[in-house]
Structure formats: structure tokens, C-alpha cells
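One structure is given below, encoded as C-alpha cells.
Note that this is a predicted model, so its numbers are computed, not measured.
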Amino acid sequence: SKPRSRRKVLLMGRSGAGKTSMRSIIFANYIPRETRRLGATIDIEHSQIRFLGDLMLSLWDCGGQDVFLDSYLDAQRDNIFSEVQVLIYVFDIMSTDVERDGYYFNRVIRCLCDASADAKVYCLFHKVDLVPEHQRQTVFEERQRRVKETVKPFSVKCFATSIWDETLYKAWSFMICGLIPQLSKLDGALSRFCEISEGDEVVLFERATFLVISHATLHSHSDVHRFEKISNIVKRFKLSCNKNQSHFHSLELRNSQFLAIIENFTSYTCVLYVSYRSDIQSTAVKLNIQCAKSLFE
Ligand code: GTP
């Protein structure tokens, strides 16, 4: 069937910030190490990404060398900035050319404001792995403050990201979820499933990217990044299965305290089911998962 919603997403920022790297990891099954081989993007690379069947992302990865940026802001301006739903602007957090970074960002925001005033703006302060851990929060807050000042009257949501850990999945899950039509329906179905099957935690992942789409949780947990860590780990496991010409189907972990099952679910999703009941049978859980499918197709 044809997807019903098409969304234009601009991925912008100066050369070397890491735009193509993140796109390749999330959508094209690269592992982080492989991004070292990527060359600079020449002009714009367009990709059409189908997400959950109903959503078509039209992702414009805009090469960030100054000559290209100058051209986007001038000759190509109408074409690029019209009908944009989301701008993802990537800063290299280690950049020493902060003034010029700010200059281009400011101009991009003005063009967006003129042509697509309703667009959502996200800023990623990227390569945060290169900042010593004890300084990360301060550096991030300082950068965020400056950006928020620039984007007025837009509001902006900022993330500190790295291809080397789960922060990349956290940011992209958040940004893409904002585009999913009827996300609340999925949230509702997942909560119901969690309740009926007496699960302690159930999480829905998009199958190809492993981005988190929705979760239902009975208890609060201290590790707020736990789902994205799982995205990162399971996606790597899936990719290593593919390398050996085998396909991921499901994964079951059990100790004396919990049972966790990750399994392919609908055509577009994977599900993670966690139970802290020691007497629970995995066959029963798997049967429940099969029965719940129709709620999500
Ligand atoms: P243009 O195509 O010229 O606009 O550049 P780009 O923004 O697409 O940069 P690209 O993705 O090509 O990445 C440049 C370099 O940064 C690559 O060598 C990546 O391996 C590296 N890189 C990307 N993300 C990270 C990160 O999170 N941490 C670190 N340390 N390096 C990164």
C-alpha cells in the first residue's frame, strides 16, 4: 500500500559535523567504525525512507562545505526551504570556528522562517564523545543557550549526540516519533497489551532502524537510556547475523529474577517484553505476542 504521509526532513550543518555518518548508521546499517570512510557529501543526497508503512521520510542530507551552504542560502533557497516539516541542524561540538558555525546557522534559520514557518527545529551537538565526561553537561548547556537565543521565534529541542553510544538513538527516536501519524494509537495499544499480558515493561521498536517508537512501563527505572542501549546492542547483533547470512528472529534472556524476550513483531516492528515474575513461561509470552499482533498491524 502507498504511504499516506510524506515528510520533508532537512539534515544540515557544516562539513564534517557528522550528518552522513548518523544517517548511514540509523538508516543504512553502517556500524560507527565504517563512517570513517565516508567522503564529503557533494551538494544534496536525497533518500526516501519508509517508516512503519505509513510514513515516508524524504531526507535531504545537505553537504556542508561553505560553497554548498552559500548556494542553499541563495540560488537554491526556494527549493530547499519550502515545505519543510523538520530541520535537523548538526554542530560539531568540538568545532573551534564557533563564530562561522553561528553565522550559517542563523542564516539557515532565517530562510526556514520565511519559507516553512511551521517547521520543527532540532539541534544536535555532535561528537560529544570527544568532550571529557565531566565537562559534557556544561559545554552542552552553554551551546544550547546560544542556539535558543538564535532561533527565536522558533523553539528548538537540543541533544548531545555521539555515534559511539546510545545518545544517537535517543535523539533520532525522539525526532522521528514526532512525525509518526497516530502515535497515540500505538501507545494505547501497547499499554493495553502490557496490562493484559501482565508484563512489567513492553517496548516497540521500528524493525529496520531499531528506533524506539513506544513503551509501556509499570515501574520507574533509574536508567533512562535503557531502551536506546538495547536499540544499539540488538541492532548490532542483527547486523552481525546478516553478515553470516542468517536472520534475526528472536532473543530470550532469563535469570532468576526476570524474563526478557525480543522478537520480530509486525512487518515493521520488533517488540521487547520484560517480566519480573519468576514463574512466567516464555512459550506463554510468545503466544501472547502473536495474539497481540493484530492490534498493531
Ligand atoms: P559533509 O558531507 O561534508 O557535510 O560532512 P558530514 O557532516 O556528512 O560529516 P561525515 O558524516 O562525513 O563525518 C565526518 C567524520 O566525523 C567521519 O570521519 C566520521 O567518522 C566522524 N564522526 C561522525 N560522528 C562522530 C561522532 O559522534 N564522534 C566522533 N568522534 N567522530 C564522528
Q.
Both conditions, 6.0 Å and 45 degrees, for the charged tip of K170 above the ring of F159: are they met here?
A.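 So K170 doesn't make the cation-pi contact.
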I'd like to know if [Y] and [X] are part of one continuous hydrophobic network [Ile/Leu/Val/Met/Phe/Trp/Tyr, side-chain heavy atoms within less than 4.5 Å].
X	Y	answer
I196	L272	no
L38	I26	yes
W164	F27	yes
L183	F51	yes
F205	L239	no

What I'd like to find out is whether the side chain of [X] reaches to under 4.5 Å of the side chain of [Y], using heavy atoms alone.
X	Y	result
L251	E263	no
V212	S231	yes
D129	I163	no
L11	C62	no
D200	F258	no
V203	S214	no
M56	R7	no
L52	L186	yes

Residues [X] and [Y] bridged, charged N to O under 4.0 Å:
X	Y	value
K19	D61	no
R23	E45	yes
K229	D165	no
R14	D92	no

Q: Determine, stepwise, if the pair K157 / F174 fulfils side-chain contact (heavy atoms from CB on, under 4.5 Å).
A: CA-CA 10 Å; K157 169 106 181 124; F174 189 94; 3.8 Å; yes
Are more than 12 heavy atoms, taken from residues, nucleotides or ligands other than [X], located less than 6.0 Å from that residue's [atom1] atom?
X	atom1	value
E99	CD	no
E252	CD	yes
H247	NE2	no
D118	CG	no
E133	CD	no

Determine whether the aromatic ring centres of residues [Y] and [X] are separated by less than 6.0 angstrom.
X	Y	result
Y268	F296	no
H215	F227	yes
W60	F81	no
Y122	Y89	no

What are the two closest heavy atoms between [X] and [Y], and how far apart are they?
X	Y	answer
Y273	V202	CD1-CG2, 3.9 Å
K238	R207	NZ-O, 2.7 Å
A216	C194	CB-CB, 3.8 Å
D43	Y72	O-OH, 3.2 Å
K120	G178	NZ-O, 3.6 Å
E34	N29	OE1-O, 4.3 Å

State whether the side chain of [X] and the backbone N or O of [Y] hold a donor-acceptor pair below 3.5 Å, judged by distance alone.
X	Y	answer
K8	I80	yes
T266	T269	yes
R136	V128	yes
T41	G63	no
S116	V84	yes
Q135	P132	no

**Q.** Given R143, R145, Q137, the one that forms side-chain hydrogen bond (donor to acceptor under 3.5 Å, both in side chains) with E141
**A.**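 Among R143, R145, Q137, the one meeting side-chain hydrogen bond (donor to acceptor under 3.5 Å, both in side chains) with E141 is Q137.
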Inter-residue atom distance [X].[atom1] - [Y].[atom2], 0.5 Å rounding:
X	Y	atom1	atom2	value
L55	Q182	CG	CD	12.0 Å
D66	S15	CG	OG	8.5 Å
L204	C270	CG	SG	9.0 Å
C123	M12	SG	CE	12.5 Å
I213	D187	CD1	CG	10.0 Å
R100	L69	CZ	CG	9.0 Å

Q: Using distance alone, with no hydrogens and no angle criterion, decide if S197 and N288 have a side-chain donor and acceptor under 3.5 Å apart.
A: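 No donor-acceptor contact under 3.5 Å links the two side chains.
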(Q) Between T209 and E206, do the side chains contain a donor N or O and an acceptor N or O under 3.5 Å apart? (A)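 Yes.
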(Q) Go through it in stages, so that I can follow the logic: the residues are F210 and Y169, the test is ring pair (Phe, Tyr, Trp, His ring centres under 6.0 Å), and I'd like the CA-CA distance, side-chain angles, deciding distance and then a yes or no. (A) CA-CA 8 Å; F210 245 81; Y169 283 88; 8.4 Å; no
Q: Determine, step by step, whether R226 and E201 satisfy the salt bridge (charged side-chain N to carboxylate O under 4.0 Å, His left out) criterion, reporting the C-alpha distance in whole Å, the side-chain angles of both residues, the deciding distance to 0.1 Å, and the verdict.
A: CA-CA 12 Å; R226 62 195 182 285; E201 187 149 65; 2.7 Å; yes
(Q) So if I apply the side-chain contact (heavy atoms from CB on, under 4.5 Å) rule between L124 and each of T167, L168, T161, which one comes out positive? (A)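 Option passing the side-chain contact (heavy atoms from CB on, under 4.5 Å) with L124: T161.
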Q: Begin with the C-alpha distance, continue with both residues' side-chain angles, and end with the deciding distance and a verdict on side chain to side chain donor-acceptor pair (under 3.5 Å) for T150 and N106.
A: CA-CA 6 Å; T150 309; N106 201 343; 5.5 Å; no
Q.
Quick one, L57 with Q48, criterion side-chain contact (heavy atoms from CB on, under 4.5 Å). Give me CA distance, side-chain angles, the key distance, then yes/no.
A. CA-CA 6 Å; L57 297 176; Q48 307 294 323; over 6 Å; no
Q: Could you check I262 against V271 for side-chain contact (heavy atoms from CB on, under 4.5 Å), going step by step and ending with a plain yes or no?
A: CA-CA 6 Å; I262 301 177; V271 71; over 6 Å; no
Q: Decide yes or no on side-chain contact (heavy atoms from CB on, under 4.5 Å) for L87 and V108, but give the supporting numbers first.
A: CA-CA 10 Å; L87 166 70; V108 164; 3.9 Å; yes
